[in-house]
2 protein chains.
Amino acid sequence: MKYIHYMTAPTEVLDRVLHLATLVQADLARFEREQGLTTPRVHLLWVLGETGPTTQQSLAQALGVTPRNVTGLVDGLVASAHVTREPHPGDRRATLVTPTDLGTRTIADLVSSHVALAQRLFGDVPTARLATFAEVLEETTHRFAQLMEEE
Amino acid sequence: MKYIHYMTAPTEVLDRVLHLATLVQADLARFEREQGLTTPRVHLLWVLGETGPTTQQSLAQALGVTPRNVTGLVDGLVASAHVTREPHPGDRRATLVTPTDLGTRTIADLVSSHVALAQRLFGDVPTARLATFAEVLEETTHRFAQLMEEE
DNA sequence: CTACATCATGAAGTACATTCACTACATGAC
DNA sequence: GTCATGTAGTGAATGTACTTCATGATGTAG
């Protein structure tokens, strides 16, 4: 009854990757509901956790969105008391988006949730198989990044 | 260049999976720009390609959004002439969202782009390695789906 | 000091998504 | 048949995310 027949072997593998990505997304959505946050705001907090206090320009670049959009995201996170805008010590135009105590705790929860998810997913996979899995992933992403370059 | 085989950490593997998902997403974004479509609309078309003409209720369930939202997505796809609303033969309340010629062609392009991406990603991976990769994926998603059930 | 670039934001617009209320229609009980 | 109840789709209102364009404030090179 299906309109489309597309199941070749590589396609099936890609579909499984996408399925896993969907499940991971669902896990993140649970975290977001618990914390009363949204995906873009969590993404911003994640970047903030990696870099520490950052200008909105840098955040825009890291998130791949326009600076104007970061203004809106930061507005929301200020309203929910996850971050504050601090003056940039060396540039009076810029603000340093800085996590509050709540923000720091949220980022820590996010990281531990991420690690726990990885453990649940891959913790029981035998070492040799997991190594092969990771290698194929690395080769694949590397080759794909090269293909993107060529265009 | 590595001579020592360090044990692969689950978190590192998860990060690689997410990285690959990001690259795939970027490839889809290219398709969307070319076709003048958005991710939710492409998703709807994809489902339509799998199921054939469908009620908006079914689409809402398949997409995991509210029926009201499907109304809006279908409005957009009707405006861009990708689908039409046809009367449901057995239920005068319902409409059958049906791809137009353009919609059918777009779905075909989407599928072939999907297959081509899979080929570019996994086409050159040796069969045995790809099989292990797919197995780990399957075990992982299966185990994870079970863990989600228990809560 | 002037010219130009950069940081953040106001204004305006589009898309996605929600909830709530409502109309039209279907279906099972009597 | 009629009545109660449920289902399909949409209008209204709202919130978030995202964009482009314009502007004020500040930094920087000449």
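Numbered from 1 within each chain, the chains take letters A, B, ... in sequence-line order. All values reported here derive from a predicted model rather than from experimental measurement.
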The single option from A:N69, A:V65, A:V70 passing side-chain contact (heavy atoms from CB on, under 4.5 Å) against A:L59 | A:V70
Taking atom C1' of C:dC16 as reference, at what distance in whole Å does atom CG of B:L37 sit?
-> 15 Å
Should the pair A:R143-A:E139 be classified as a salt bridge under the 4.0 Å nitrogen-to-oxygen rule?
-> no
B:L44 CG to C:dA15 P, in whole Å, measures 15 Å
Does A:T95 place a side-chain N or O at less than 4.0 Å from the phosphate oxygens OP1/OP2 of C:dA8?
-> yes
Atom CG of A:D75 to atom P of C:dG10: distance rounded to whole Å?
-> 7 Å
Quick one: list whatever passes ring pair (Phe, Tyr, Trp, His ring centres under 6.0 Å) with B:F122, sequence neighbours left out.
-> B:F133
Between CG of B:L59 and C1' of C:dC16 the distance, given in whole Å, is 16 Å
Connected via hydrophobic side-chain network under 4.5 Å: A:V111 and A:V83 | yes
If you count the non-hydrogen atoms of other residues, nucleotides and ligands that lie under 6.0 Å from CD in A:E50, is the total more than 12?
-> yes
OP1 or OP2 of C:dT9 under 4.0 Å from side-chain N/O of A:Q56 | yes
Indicate whether any N or O donor in one side chain lies under 3.5 Å from an N or O acceptor in the other, for A:T55 and A:Q57.
-> no
Indicate for each nucleotide in nucleotides 17-30 of chain D, in 5' to 3' sequence, whether protein heavy atoms under 4.0 Å reach the base (B), only the sugar-phosphate (S), or nothing (-).
-> SBBB----BBS---
Angle between terminal axes - the helix from C:dC1-D:dG30 to C:dC30-D:dG1, 5 pairs each end, rounded to 10° = 20°
Nearest-Å distance, CD (A:E32) to P (C:dT18)?
-> 14 Å
Distance-only donor-acceptor check, side chains B:E32 and B:T39, under 3.5 Å | yes
Taking all atoms of both residues into account, what is the closest heavy-atom pair of A:A81 and A:T100, and its distance?
-> O-OG1, 2.6 Å
